[in-house]
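As a basis for the values below, the full set of heavy atoms in this structure was taken, side chains included, without hydrogen atoms, waters or symmetry mates. As the structure is a prediction and not an experimental result, all values here were calculated from the model.
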2 protein chains.
Amino acid sequence: MTKPDSSSNLTLDKQICFSLYSASNAMARSYQPLLKKLDLTYLQYIVMMVLWQDSTMNVKELGAKVHLDSGTLTPLLKRLEAKGLVIRSRSQSDERVRLISLSDAGKKLRQAAEQVPDMMMCKSKMTSEELSSLKQACDLLLKNLTTAD
Amino acid sequence: MTKPDSSSNLTLDKQICFSLYSASNAMARSYQPLLKKLDLTYLQYIVMMVLWQDSTMNVKELGAKVHLDSGTLTPLLKRLEAKGLVIRSRSQSDERVRLISLSDAGKKLRQAAEQVPDMMMCKSKMTSEELSSLKQACDLLLKNLTTAD
DNA sequence: TGCATTTAAATTGTGCGCAATCAATGTGCG
DNA sequence: CGCACATTGATTGCGCACAATTTAAATGCA
């Protein structure tokens with residue numbers, strides 16, 4: 001009593017993960033025209049948002065917030081520094097620690113970014129209830145995949 | 001009557017898109033150890049899945065299915081060809097068209113991949129109802145973001 | 001038929017993601 | 001104190017994603 005081929009799990013239309021992946025790509029793609037005005041990529045925008053909330057932290061703390069490591073963040077932070085948006089200093093008490101803080105230009109950029117979330121919500125054409133439930137499901141999945149591997 | 005700063009939309013914990021993005025990254029990360037046995041990356045696995053369903057198609061058709069363009073697919077398909085999993089031939093009737101088809105090794109790999117979806121579902125620790133509703137929301141978002149830009 | 005237009009795929013360049021490795025600094029324990 | 005060990009971040013290398021451009025082939029139409 002083996003399953004017939006048509007009910008195999010190995011079909012693209014059954015892959016939740018592929019839906020997630022495609023939606024995530026499409027989302028980043030949709031952000032790009034909005035962020036072009038700010039001269040930021042999607043991830044750079046995320047990192048700036050973290051810093052707008054809490055203007056100084058080290059790479060490890062930042063990485064924990066955005067779920068990324070120094071291999072991704074170090075070059076990104078260098079690019080943000082090159083744009084004059086952040087300052088990469090060293091901790092006095094521990095020379096290993098890189099302190100990331102906002103420059104004046106970085107702080108100022110926040111105003112221009114304020115309208116981005118609403119514009120994206122509009123693009124999504126989904127209700128806040130739908131979006132909120134999507135967010136909950138993603139947060140749960142992330143938690144389940146990251147705790148105890 | 002302007003909103004106080006604490007209710008700004010520009011906070012990381014309010015970004016549905018960031019949840020989606022982080023969950024998608026975590027998902028691809030979780031797939032990797034499972035796919036290592038097959039010597040495939042996540043996207044290569046997706047492309048192979050498309051070909052397991054329909055063993056010959058051109059780059060444009062493939063791109064439409066996985067929502068990616070030739071800039072991503074061409075090098076990926078070359079890598080799959082180098083591994084001996086696919087064959088990149090040319091259409092007789094239209095020399096511009098690249099026909100992608102499975103080699104015997106590519107067809108054979110399917111058996112080893114059959115168990116991957118169930119293993120991932122288990123890793124997610126979510127019910128099929130939760131996953132199904134997540135999938136629906138992602139599919140809707142993708143549709144809304146891609147139709148009429 | 002000849003030439004502009006369209007189409008398919010490849011190429012180029014930039015910026016992620018992430019595993020693996022490395023260097024530098026700090027800490028703890030004998 | 002000295003040395004093993006842990007921690008922080010940087011580096012390297014590979015494989016996506018994607019915009020923009022290029023190449024080559026097909027099509028349309030005067």
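Looking at the side chain of B:R29, the nearest of the listed nucleotides C:dA9, C:dT25, C:dA19 is C:dA19. Closest approach to the B:R79 side chain among C:dC16, D:dG15, D:dA25 is made by D:dG15 (side chain taken as heavy atoms from C-beta onward). Proximity note for A:V59 (side chain, C-beta onward) versus C:dA20, C:dC16, D:dA10: the nearest is D:dA10. Of the candidates C:dA20, C:dA9, C:dC18, C:dA9 carries the atom nearest the B:R98 side chain, counting heavy atoms from C-beta on. The listed nucleotides are C:dC18, D:dA25, D:dC18; the one nearest the side chain of B:L68 is D:dC18. In this structure, of D:dA19, D:dA25, C:dT25, it is D:dA19 that holds the atom nearest to the side chain of B:D69. Relative to the side chain of B:L76, the nucleotides C:dC18, D:dC16, D:dA25 differ in distance, and D:dC16 lies closest.
Between A:L80 atom CG and C:dT14 atom C1' the separation is 15 Å, expressed in whole Å. At whole-Å resolution of the value, CG in A:L73 and P in C:dC16 are 10 Å apart. Rounded to an integer number of Å, the gap from B:I46 CD1 to D:dC16 P is 12 Å. One interatomic measurement links the two molecules: CG of A:N58 to C1' of C:dA24, which rounds to 16 Å at whole-angstrom precision. Rounded to whole Å, the distance from OH on A:Y42 to P on D:dC16 is 22 Å. Rounded to whole Å, atom C1' of D:dA10 lies 12 Å from atom CG of A:L77. The nearest whole Å value for the distance from the OH atom in A:Y31 to the C1' atom in C:dG15 is 18 Å. With rounding to whole Å, B:L40 atom CG is found 12 Å from D:dG15 atom P.
Contact annotation: A:K78 side-chain N/O to D:dT11 OP1/OP2 distance is under 4.0 Å. One finds no side-chain N or O of B:R90 lying less than 4.0 angstrom from the OP1 or OP2 phosphate oxygen of C:dA9. Between A:Q44 and C:dC16 there is a side-chain N or O to OP1 or OP2 distance below 4.0 Å.
Between A:K83 and B:L99, the residue anchored nearer the 5' end of DNA chain C, judged by the nucleotide with its closest heavy atom, is B:L99. Comparing A:K60 and A:Q32 against DNA chain D, the residue whose closest nucleotide sits nearer the 5' end is A:K60. Along DNA chain D, the nucleotide closest to A:E61 and the one closest to B:H67 are compared, and the more 5′ of them pairs with A:E61.
Using a 4.0 Å heavy-atom cutoff across all strands shown, B:S93 reaches sugar-phosphate atoms only and no base atom. Within 4.0 Å of B:S22, counting heavy atoms only, lies no atom of the nucleic acid at all. Using a 4.0 Å heavy-atom criterion, one finds that B:T41 contacts the sugar-phosphate atoms exclusively.
Side-chain N or O atoms of B:K125 include one that pairs as donor or acceptor with a backbone N or O of A:N144 at under 3.5 Å.
Taking only distance into account, the side chain of B:S70 never meets the base of C:dA8 through a donor-acceptor pair shorter than 3.5 Å. Residue-to-nucleotide contacts include no donor-acceptor pair under 3.5 Å from the side chain of A:R96 to the base of D:dT8.
You'll find the side chain of B:P75 reaches within 4.5 Å of the side chain of B:R79, heavy atoms only. Side chains of A:V59 and A:L77 form a contact here, defined as non-hydrogen atoms less than 4.5 Å apart. Contact annotation: the side chain of A:R98 never approaches that of A:S89 to less than 4.5 Å [non-hydrogen atoms, C-beta and beyond]. A:H67 is listed as a side-chain neighbour of A:L142, based on a closest heavy-atom distance under 4.5 Å.
Closest of all the heavy-atom pairs between B:R90 and B:E95 is CD-O, 3.3 Å.
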